[in-house]
Each structure stands twice: as structure tokens, then as C-alpha cells.
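The first residue of the sequence shown is numbered 1, and numbering continues consecutively from there. For clarity, every value in this text was computed on a predicted model and none was experimentally measured.
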Amino acid sequence: MTRQEMITRLKAIQTEMRSEGADIEALMSEATELRAKLDQLEARNKLFGGLPDDNTPDTNPIQNRIIELLEQRTALYPLITRSNVPGALKVPVESAGSAAAWKTENDAIAGTEAPITSISFAGYELVKLVTVSIAAKLMTIDAFETFIVNQIVRKMSIAIEAAIVSGSGVGEPTGILTGVTFAIDGAAPNKVEFTKDGVPTYDNIMDALALLPGDYHANAVFVCSNKTKYKYIRKIKDNDGRPFFDQGMIDGKKVIVNDRVPDKKVLICDPSYYQMNAQKEISIDISDQSGFRNAQIDYRGYAVMDGKPLLKEAFVLIDEAVA
């Protein structure tokens, strides 16, 4: 029985109870059962969408809370380019170094010197299952909703941040470290190496910043592991012996911690040149079928996403030499 059918029947029962000769006991029993089912449905609707009134279509206000929590629990995700395109997505990409040019009136427009390439995005499923006891539903709806969303978003945010940095591209998004080819020579070097068994130095960081084209400096950040940040980066001093790391920043650029970056590696990049497309944003579904005998309910977080770096030149790596 649908929600509308339950409401309609409850109103009918209310009318029938006023009729002469009505079986009050039977009607009361039916009404009590329907009311209980309706209350349970209303609780679910409030948690996972809800219906403000009989004529308003289903909505999903909890989605805004999920996105807000995801941005709060991640450091790189809020900085990347995000899109929500169902199905396959192909994004045209042109180097930021291909600038616009002035032209003389009536002259022909010259073609761009850099070819436009495209990057295709697939869809990979990201899931997280949280099982709770039915007794947990004795909490207030707001407290229960917060508990479920926090549990699911916390785990899924970790997976998303990891994918942005080092996703393999097989069954998951392609990460920066795996999707960008870093080289110390060639036409467009984007890698600086320090001595094997050594540590990153002030000069290494300056050299890396020099390799990052100026177009990407305004939004650039440093990304490294927690160990690298405190054991190596915070100990770096400039040529006058002053700490180079100041108030969480290097050269005015924020230092972001992500432990999927291997120790001693430091990534300098403009995160907006990494794109993640969500064919389906994180949603939460509920089922009590698998846990019926144990009085448990399953809440499943589910999303379909893919991500890839867009431009090699927006990423520079500081790394230890092999030999």
C-alpha cells in the first residue's frame, strides 16, 4: 500500500467510525496498524527525501548534507573540477599556454598552435555499507540521520581523496600520480629530483615552482603525506636560515596532507586541472531484508564516478632520485 493509499484509507476509517453500527474495535485496530506503517514511512522519507505534503513530488534534501559533509571531510575534492553528467562524458582539453591573440580588422583568424584533445570519463561504482540495529532507530530522527550520513560519507570521502591522488584507473578513477607522466627532461619537464637517500630541500622546491607555468600558480597547492610534511617540509629553511613553512603554507600556497602520496614525494599542482564526473552523486538506500533475522537494517552509500587529470603541465613532482 502506498503512502497516499494509507492516508486515504485512514480518512475513510475516520468517516466510518462516525457511522451508526460501525465495528469500532476492528476499525481502531486497522487504523492503528496503518498509522504505524505510515509513521515508519514518514521517518524514512524524512531521512531519504520525504514528502512535505500529499501533492509534492519526492525530493532529496539529505543530498545537500552529503555534499557539504564530503567537502568538509576532504581537502582536494573541493578544489578539483566537478561535473554531474549521466552516461559517458568526453571533455575537450587545450593547453593553457595556447593564448588568445589580437588580430587586425578584416584579417583571417589564425588557427590555434596547440591541438585540442579530449578525455573520456567512464563510471565506476563506489559503495559503503553500514549495518545498524533496529534499536538504533530509537534515537531521534535528526540524530539517527546524522549518524548514518557521517558513517557513510567518512568512508567514501577517504576513497575519493585516495582516487584523486593515486587511483589506478582500473575499476576506479585515474589519480594524478598514475595519470600524469613526470619527467625531469624533455620539452616540458615537470619533475625535480633530490639526492637518493636525501630529503627535499629549499632549492628543490624553488626549482619545482619554476617548472610550474605561471598560469597555474594562482590556484596551486602542495600535496604530501603527513610524515613528509612534518619530518621534511617543516624542517626546511631558506638561505637565511628562516623556516620556509609558514602558517600552513609554502610561498603562499597551502600544504594539503594526503597519505596516498608516498613519503618524500611532494606534488605541486593546480587541482582544478583534475576533473571528477559523477554519473550518480552519493545517495543512501535502506534495506532490512538481509538483516531481518538479526533485527538489523542496512544503509548503503552508492555513487558512480570517474576522474582524471586534464593537463600534464598543471602538475609538478618533487621526488627522490633512483640512483
Side-chain angles (χ1 to χ4, degrees), residues 75-76 79-80 93 95-97 114 117 119 161-170 173-274 307-323:
L76 277 174
L79 305 178
I80 66 173
V93 178
S95 169
T117 60
I119 296 178
E161 284 283 274
I164 293 172
V165 171
S166 59
S168 67
V170 179
T174 301
I176 295 169
L177 293 179
T178 48
V180 176
T181 300
F182 293 99
I184 60 175
D185 50 24
N190 61 347
K191 184 179 181 181
V192 170
E193 290 185 340
F194 53 88
T195 308
K196 181 173 174 56
D197 297 325
V199 298
T201 67
Y202 175 85
D203 286 347
N204 294 146
I205 291 179
M206 290 297 100
D207 290 343
L209 287 170
L211 289 180
L212 187 69
D215 290 340
Y216 308 110
H217 273 251
N219 298 320
V221 297
F222 288 79
V223 188
C224 62
S225 69
N226 189 64
K227 179 179 178 180
T228 299
K229 174 181 176 180
Y230 288 102
K231 188 171 183 178
Y232 307 115
I233 301 300
R234 286 194 68 94
K235 295 180 180 179
I236 294 178
K237 296 180 174 57
D238 63 20
N239 293 332
D240 295 322
R242 296 170 300 189
F244 189 50
F245 189 101
D246 182 39
Q247 296 182 352
M249 294 189 175
I250 295 176
D251 193 43
K253 297 170 177 57
K254 187 176 181 180
V255 177
I256 292 175
V257 169
N258 188 304
D259 283 333
R260 288 296 290 267
V261 180
D263 290 341
K264 290 190 176 182
K265 291 183 187 288
V266 180
L267 181 67
I268 307 174
C269 66
D270 180 344
S272 68
Y273 284 90
Y274 182 95
K308 293 180 180 178
L310 301 178
L311 279 179
K312 168 186 174 180
E313 62 194 60
F315 304 91
V316 174
L317 182 66
I318 301 174
D319 199 5
E320 183 178 4
V322 177

If we only count heavy atoms from C-beta on, is the [X] to [Y] side-chain gap below 4.5 Å?
X      : Y      : result
Ile184 : Pro189 : no
Val316 : Tyr216 : no
Ile233 : Phe222 : no
Val255 : Cys224 : yes
Phe194 : Lys264 : yes

If every non-hydrogen atom of [X] is compared with every non-hydrogen atom of [Y], which pair is closest and at what distance?
X      : Y      : answer
Pro173 : Gly307 : CB-N, 3.3 Å
Ile256 : Ala75  : CG2-CB, 3.4 Å
Tyr202 : Lys237 : CB-O, 3.6 Å
Leu212 : Ala220 : CD2-CB, 3.8 Å
Pro309 : Ile119 : O-CD1, 3.5 Å
Ser225 : Asp263 : OG-OD1, 2.8 Å

Set of residues satisfying side-chain hydrogen bond (donor to acceptor under 3.5 Å, both in side chains) with respect to [X], sequence neighbours excluded:
X      : answer
Asp319 : Lys265
Asp251 : Lys253
Asp240 : Arg242

Looking at [atom1] of [X] and [atom2] of [Y], how far apart are the two atoms once the value is rounded to the nearest 0.5 Å?
X      : Y      : atom1 : atom2 : result
Lys229 : Asn258 : NZ    : CG    : 12.5 Å
Glu161 : Leu76  : CD    : CG    : 5.0 Å
Ile176 : Arg260 : CD1   : CZ    : 12.5 Å
Lys191 : Asp207 : NZ    : CG    : 14.5 Å
Ile205 : Ile318 : CD1   : CD1   : 5.0 Å
Leu310 : Lys308 : CG    : NZ    : 10.5 Å

Between the side chains of Ser272 and Asp270, is a donor N or O closer than 3.5 angstrom to an acceptor N or O? yes
Under the side chain to side chain contact (heavy atoms under 4.5 Å, CB included) criterion, do Tyr274 and Val165 qualify, and how do the steps go? CA-CA 10 Å; Tyr274 182 95; Val165 171; over 6 Å; no
Sidechain-backbone polar pair: Asn226 side chain, Asp259 backbone, donor-acceptor under 3.5 Å: no
Is there a donor-acceptor pair closer than 3.5 Å between any side-chain N or O of Thr178 and the backbone N or O of Gly167? yes
Could you give me the CA-CA distance, side-chain angles and deciding distance for Leu177 and Phe182, then say whether side chain to side chain contact (heavy atoms under 4.5 Å, CB included) is met? CA-CA 8 Å; Leu177 293 179; Phe182 293 99; 4.3 Å; yes
Applying side chain to side chain contact (heavy atoms under 4.5 Å, CB included), run through Tyr273 and Glu313 and close with a yes or a no. CA-CA 9 Å; Tyr273 284 90; Glu313 62 194 60; over 6 Å; no
Step by step, would you call Asn190 with Leu211 a side chain to side chain contact (heavy atoms under 4.5 Å, CB included)? CA-CA 6 Å; Asn190 61 347; Leu211 289 180; 5.6 Å; no
